[in-house]
Amino acid sequence: FDVLPGFAYYDDYDGKNAYATTAVRLNRADGTVLFGQGLLADLRISPDHPEIAVTAVCAHEFAHVFQYKHKLMDRLLEGQSTVKRVELQADFLAGYFAGIRKKERPSYAAAVVAATQSKFGDNSINDRGHHGTNQERGAAVVAGFKLGNGASRSISEVIQIANIDALSV
């Protein structure tokens with residue numbers, strides 16, 4: 001994603017989570033990714049490729065840092081009552097990352113990225129924090145995967161396609 005955020009763990013005692021912020025910590029200009037220790041523990045006991053489940057969450061959060069860096073947030077949130085468009089684009093970009101990894105290393109279990117992100121879906125469609133349903137989140141990852149696993153694209157092309165594909169889910 002051409003971002004280099006700070007990265008740290010935190011005590012997510014009040015709800016397993018990971019998140020990205022524009023706050024600069026650890027002397028990294030692109031913001032910070034904070035990964036909850038409880039979430040990490042849960043992902044590490046996943047029966048199928050726990051390392052890729054952890055990577056899926058990291059890719060999603062790094063995608064948020066990418067959104068901040070490229071000033072995509074305002075456009076994504078414009079006229080929206082939830083953060084769903086922001087979250088689905090981050091899922092799309094995580095899928096894009098998985099597609100590139102799969103192309104580089106055919107044994108990479110990219111399907112775990114879609115399975116991991118879809119687990120975090122919700123049905124609270126009227127809640128401001130609605131991230132998308134399980135199906136929407138999985139579909140966004142798959143759309144991004146197809147792009148990443150195909151022909152090389154410029155970053156501006158990826159942003160444009162992410163805006164179209166991820167937002168139409």
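Note: hydrogens, waters and symmetry copies are ignored here, and every other heavy atom, side chains too, is used.
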Minimal non-hydrogen separation, Phe66 against Phe1, with atom names: CD1-O, 3.3 Å

Over all heavy atoms of both residues, which pair between Val24 and Ala29 is shortest? Give the atoms and the distance, please.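 The answer is CG2-O, 4.0 Å.
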
For a 4.5 angstrom cut-off between non-hydrogen side-chain atoms, does [X] reach [Y]?
X: Leu43; Y: Pro50; answer: no
X: Asp122; Y: Thr133; answer: no
X: Leu147; Y: Ile161; answer: yes
X: Val158; Y: Tyr96; answer: yes
X: Ile100; Y: Asn149; answer: no
X: Tyr9; Y: Leu40; answer: yes
X: Ile52; Y: Val113; answer: yes

Hey, could you give me the CD/CZ distance between Glu87 and Phe120, rounded to the nearest 0.5 Å? 11.5 Å

As a quick check of understanding, evaluate salt bridge (Lys or Arg N to Asp or Glu O under 4.0 Å) for Glu78 and Arg85, giving each step before the final call. CA-CA 10 Å; Glu78 185 177 331; Arg85 289 175 61 178; over 6 Å; no

Is there a side chain to side chain contact (heavy atoms under 4.5 Å, CB included) between Arg25 and Leu34? Walk through the geometry before answering. CA-CA 10 Å; Arg25 297 191 175 125; Leu34 296 164; 3.4 Å; yes

With a 6.0 Å cut-off (strictly less than), is the heavy-atom count around [atom1] of [X], excluding the residue itself, greater than 12?
X: Lys103; atom1: NZ; answer: yes
X: Ile125; atom1: CD1; answer: no
X: Asp2; atom1: CG; answer: no
X: Asp11; atom1: CG; answer: yes

Out of Glu136, His130, His131, which residue meets the side-chain hydrogen bond (donor to acceptor under 3.5 Å, both in side chains) rule with Lys84?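 Output: one option passes, namely Glu136.
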
Donor-acceptor contact present, side-chain Gln117 to main-chain Asp91, <3.5 Å: no

Would you say the ring centers of Tyr19 and Tyr10 fall short of 6.0 Å from each other? yes

Scan for side chain to side chain donor-acceptor pair (under 3.5 Å) pairs involving residues 35-59, sequence neighbours excluded, and state none if there are none. Lys16-Asp42, His49-Glu51

Name the one of Val3, Val57, Val65, Thr21 that satisfies side-chain contact (heavy atoms from CB on, under 4.5 Å) with Val33?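 Going through the options one by one, the only one that passes is Val65.
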
Under a 4.0 Å threshold between the charged nitrogen and the carboxylate oxygen, would Arg101 count as salt-bridged to Glu104? yes

